[in-house]
Structure formats: structure tokens, C-alpha cells
Amino acid sequence: MSRDMMASFELYQPDSVENAVDLLSRFGEDGWAVAGGHDTLDWFKDRAKYASNVVDLTGIAELRGIRETADGVEIGALTTLTEIEQSNLIQERYGVLADAARRVASPQIRNTGTIGGNVNQDARCWYYRYGVDCYRAGGTTCYADTPEGQNREHCLWGADRCVAVSPSDTAPALVALDARMVVRSSDGEREVAAEDYFIGPDVDIERMTILEPGELLTAVRLPGDWAGATFYFEKVADRNTWDFALVNIAAAMVVEGGTISRIRMAAGAVECVPRRLTVVEQVVTGSEKNEETAALAGQAAVRGATPLNYNHFKIPLLENLVKRAIRDA
Ligand SMILES: Cc1cc2nc3c(=O)[nH]c(=O)nc-3n(C[C@H](O)[C@H](O)[C@H](O)COP(=O)(O)OP(=O)(O)OC[C@H]3O[C@@H](n4cnc5c(N)ncnc54)[C@H](O)[C@@H]3O)c2cc1C
């Protein structure tokens with residue numbers, strides 16, 4: 001399938017967010033923002049997706065960097081995953097995000113791959129990426145959800161014609177930290193909770209986020225509420241590097257006198273969006289942080305899971321990751 005030969009496109013290199021959103025709103029569906037290009041160039045080389053106008057964000061200085069704000073930290077969308085992983089500020093205050101960034105792909109990809117690109121990357125379903133006419137690509141079949149379909153990597157919840165999962169490792173960490181996503185368009189700026197930023201096929205089968213054509217993610221804001229909390233991140237994949245999660249887990253909790261007083265937890269690669277584990281949060285809040293609570297949390301996490309033919313293993317995997325998050329954080 002891979003032809004390694006991209007179709008030609010017009011390349012625009014704006015030097016401000018204002019110019020970038022002007023261009024993107026002018027091009028609408030026929031415009032494509034590119035940051036590190038790790039997801040984008042796959043699509044273009046395979047000729048499975050295409051836009052005739054590509055807006056390169058890498059010359060926009062205001063989109064880069066990690067800065068302290070009055071009530072937390074703001075990370076520009078063009079900040080690389082390596083910069084996040086190595087930032088003292090992120091390691092000290094929001095370690096779960098540094099840990100998640102460190103588990104993405106490979107060092108080479110993290111050196112140029114950006115947080116904006118990581119949370120906006122497209123689904124990794126084999127069939128969809130291969131360019132077949134599945135539901136997500138505008139067709140009328142889900143090839144992964146057939147008796148012969150290869151669906152080991154696919155979802156336990158939220159299937160609605162499509163069974164692909166959210167592939168981002170940083171997304172569950174952002175949900176656990178209650179991050180705010182800053183979105184700009186030619187109409188102005190809006191802020192959306194990370195939990196509401198990602199959308200499933202029941203909302204729109206052709207998109208993974210609330211971003212409309214012409215909109216740009218400019219920054220991610222981490223609120224002070226969770227700074228310095230007790231964190232946990234773990235990812236299980238077939239290989240230890242350069243591989244997407246089979247399941248990952250991110251947790252932020254405040255433990256006082258051995259009791260969990262506040263907690264947010266999210267899992268990746270089990271649903272088309274990072275799955276906030278509100279049931280687990282309810283079960284463990286006010287309980288002692290011990291083995292028994294951890295076991296109850298694990299059991300609660302997998303209630304209602306609906307496996308496909310080949311992904312039953314994700315249920316005990318998620319249960320154990322949740323257990324470990326409570327016990328070992
Ligand atoms: C071999 C390989 C292995 C990988 N393994 C992992 C992994 O283990 N875990 C993981 O999480 N990811 C993994 N990835 C995905 C990779 O981390 C992401 O593709 C990368 O982080 C995307 O960043 P980018 O800047 O290169 O994105 P780009 O390709 O530039 O952009 C990706 C998408 O996001 C959009 N976009 C980018 N920036 C913005 C913005 N500011 N506003 C709006 N839209 C934007 C683009 O339009 C595009 O649709 C892997 C990728 C590859 C190729």
C-alpha cells in the first residue's frame with residue numbers, strides 16, 4: 001500500500017497563530033495543519049488522505065514552550081514530547097505527563113513530534129490506515145468488527161460502527177490532570193476540558209476531537225489543583241519502544257493520612273476517547289490506599305466492558321493496571 005510518493009500540495013509557512021488560523025479557515029476541509037509530521041506524512045505517503053493546502057506550524061514561535069501561569073502551567077501546542085519529558089517544571093509538578101510523554105514511540109519521534117500532534121493524531125486501526133472504505137473513511141463497513149476482523153488493538157467500550165481506539169499516550173494523562181485545551185479560530189479563542197476535547201464515533205465518526213476545519217489547538221493548560229499530587233502512569237504494549245499502547249493508565253491522586261481524598265484516573269486504548277474512570281474514582285475516594293481498595297478499583301474499572309473477538313485480554317490487563325495505579329502510586 002505504501003507508495004512513499006506524496007501527491008503535491010501547496011505549502012504555507014505562517015509565522016503567527018493569526019496567519020495560521022486565517023489560512024486554515026480559508027481552506028476549510030482542504031487545509032491541513034502540520035507540526036512534527038509523524039502522523040501527517042504517513043497519510044500523505046500512503047495516499048490514504050490528502051489536502052491540497054498544508055499549513056506548516058513550525059515557524060510559529062508563540063506555539064512553543066512551557067511557561068508558568070498564575071494558576072498552573074501552559075504548554076504550547078508545538079512543544080515537543082522530548083521537551084515535555086525533560087522539563088523540570090513538568091517533572092516536578094505534573095510527573096504523570098512527563099512519564100506519558102516518555103513512553104511515546106521512540107526518541108527520534110519524540111524529538112520532533114509535538115504535544116499538539118500527539119493529541120490530534122488520527123486512529124491507528126489497520127484497516128482505516130490502509131485506506132479501505134470503512135465507516136470512519138465514509139464507507140459502510142467496519143472491517144475490524146467482522147468474524148475474521150483483526151481487532152486485538154480495538155475497543156472495549158464506545159463501539160458505534162467504528163471500533164478504533166484513542167492511540168495517544170499523553171491524552172489520558174491530560175484527562176487525569178483536568179487539563180484545558182486552548183482552541184483558536186478566526187472567530188477567537190475557546191477553552192475546552194481535555195475530557196470533552198476527544199469525541200467518539202457516536203458524536204462524529206470522521207473526527208477524533210472537537211476541532212472543526214479552520215481550528216487550531218494553540219496550548220494545553222494544566223491547572224494548579226493537581227500540581228505535585230501523587231501520580232501513576234503505566235503503558236503496556238507489545239514492544240517496550242516504538243509501539244502503541246494496548247492499554248495505558250494515568251492517575252492523579254491526593255493522599256492524606258493514608259486515605260485517598262481526591263483522584264482522577266483515565267485509561268487509553270480501551271475506547272475511542274481516553275476513558276475517564278469515574279466509577280473507580282467514586283469507589284476509592286475516602287478509602288484507605290491499600291491492597292483491598294486497589295482490588296475493588298480494578299474490578300470496578302472493567303464493569304460493562306464489551307470485548308471483540310480478539311481483545312478479551314484487555315479486560316484483565318486494564319483491571320491489573322488500575323489495581324497497580326492505586327496500590328503503587
Ligand atoms: C512509528 C510510530 C510510532 C508511534 N508510537 C506512538 C506511541 O507509542 N504513542 C503515541 O501516543 N503516539 C505514537 N505515535 C504517534 C506520534 O506520537 C504522533 O504521531 C506524534 O506525536 C504526532 O506529532 P506530530 O507533531 O508529528 O504530528 P503531525 O503529524 O504534524 O500532526 C498530527 C495530526 O495532528 C494535527 N495537528 C498537529 N498539531 C496541531 C495543532 N496545533 N492544532 C490542531 N491540529 C494539529 C495535524 O493536522 C494532524 O492531523 C507513533 C507514530 C509513529 C509514526
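In this text, all values refer to a predicted model and were calculated from it rather than measured experimentally. Excluded from the calculations below are hydrogen atoms, water molecules and symmetry mates; all remaining heavy atoms, backbone and side chain alike, are included. Both counts, for ligands and for their atoms, begin at 1 and track the order of listing.
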Would you say [X] and ligand 1 have an N/O pair spaced under 3.5 Å apart?
| X | value |
| --- | --- |
| Lys235 | yes |
| Asp42 | no |
| Leu81 | no |
| Asp39 | yes |
| Gly36 | yes |
| Thr114 | yes |

Can you pull out the closest protein heavy atom to [atom]? Residue, atom name and distance to 0.1 Å, please.
| atom | result |
| --- | --- |
| atom 47 (O) of ligand 1 | Ala33 O, 2.5 Å |
| atom 45 (C) of ligand 1 | Asn120 ND2, 3.7 Å |
| atom 3 (C) of ligand 1 | Trp242 CD1, 3.4 Å |
| atom 27 (O) of ligand 1 | Gly117 CA, 3.4 Å |
| atom 6 (C) of ligand 1 | Phe244 CE2, 3.4 Å |
| atom 26 (O) of ligand 1 | His38 N, 2.8 Å |
| atom 43 (C) of ligand 1 | Leu211 CD1, 3.4 Å |
| atom 5 (N) of ligand 1 | Ala105 CB, 3.3 Å |

Heavy-atom check, side chain of [X] versus side chain of [Y], under 4.5 Å:
| X | Y | result |
| --- | --- | --- |
| Val322 | Val302 | no |
| Arg180 | Val182 | no |
| Leu318 | Lys314 | no |
| Asn53 | Leu23 | no |

Pair [X] + [Y]: basic N to acidic O under 4.0 Å:
| X | Y | result |
| --- | --- | --- |
| Glu212 | Arg190 | no |
| Arg327 | Glu291 | yes |
| Arg262 | Glu256 | no |
| Arg276 | Asp196 | no |

Arg110 touching ligand 1 at heavy-atom level, < 4.0 angstrom | no
Quick one: does Ile115 get a heavy atom under 4.0 Å from ligand 1?
-> no
Would you mind telling me which of Tyr50, Phe27, Phe44 makes a ring pair (Phe, Tyr, Trp, His ring centres under 6.0 Å) with Trp32?
-> Phe44
For ligand 1, the portion of [X] having any non-hydrogen atom under 4.0 Å away:
| X | value |
| --- | --- |
| Gln108 | neither |
| Ala77 | side chain |
| Pro167 | backbone |
| Leu57 | side chain |
| Thr218 | neither |
| Thr170 | neither |

For [atom], which of [options] has the closest heavy atom?
| atom | options | result |
| --- | --- | --- |
| atom 21 (O) of ligand 1 | Leu216, Val21, Asn118 | Asn118 |
| atom 40 (C) of ligand 1 | Leu217, Asp243, Asp56 | Leu217 |
| atom 52 (C) of ligand 1 | Asp169, Ile109, Thr58, Val54 | Ile109 |

Any pair with a residue in residues 48-65 that passes salt bridge (charged side-chain N to carboxylate O under 4.0 Å, His left out), sequence neighbours left out, goes on the list, sorted by first then second residue, please.
-> Lys49-Asp122
Does anything in residues 139-157 pair up under salt bridge (charged side-chain N to carboxylate O under 4.0 Å, His left out), and if so which pairs, sequence neighbours excluded?
-> Arg152-Asp238
Counting each atom of ligand 1 from 1 as listed, which ones have a heavy atom of [X] under 4.0 Å away?
| X | answer |
| --- | --- |
| Ser168 | 11 (O) |
| Thr40 | 28 (P), 29 (O), 30 (O), 31 (O), 48 (C) |
| Val34 | 30 (O) |

Minimum-distance pair of heavy atoms, taken over all atoms of [X] and [Y]:
| X | Y | answer |
| --- | --- | --- |
| Asp133 | Tyr143 | OD1-OH, 2.6 Å |
| Ala176 | Ala252 | O-CB, 3.8 Å |
| Ala325 | Ala251 | CB-CB, 4.5 Å |

How long is the span from the CG atom in Asp169 to the NZ atom in Lys235, to the nearest 0.5 Å?
-> 3.5 Å
Quick one: CZ on Arg110 to OG1 on Thr241, what's the gap to the nearest 0.5 Å?
-> 6.0 Å
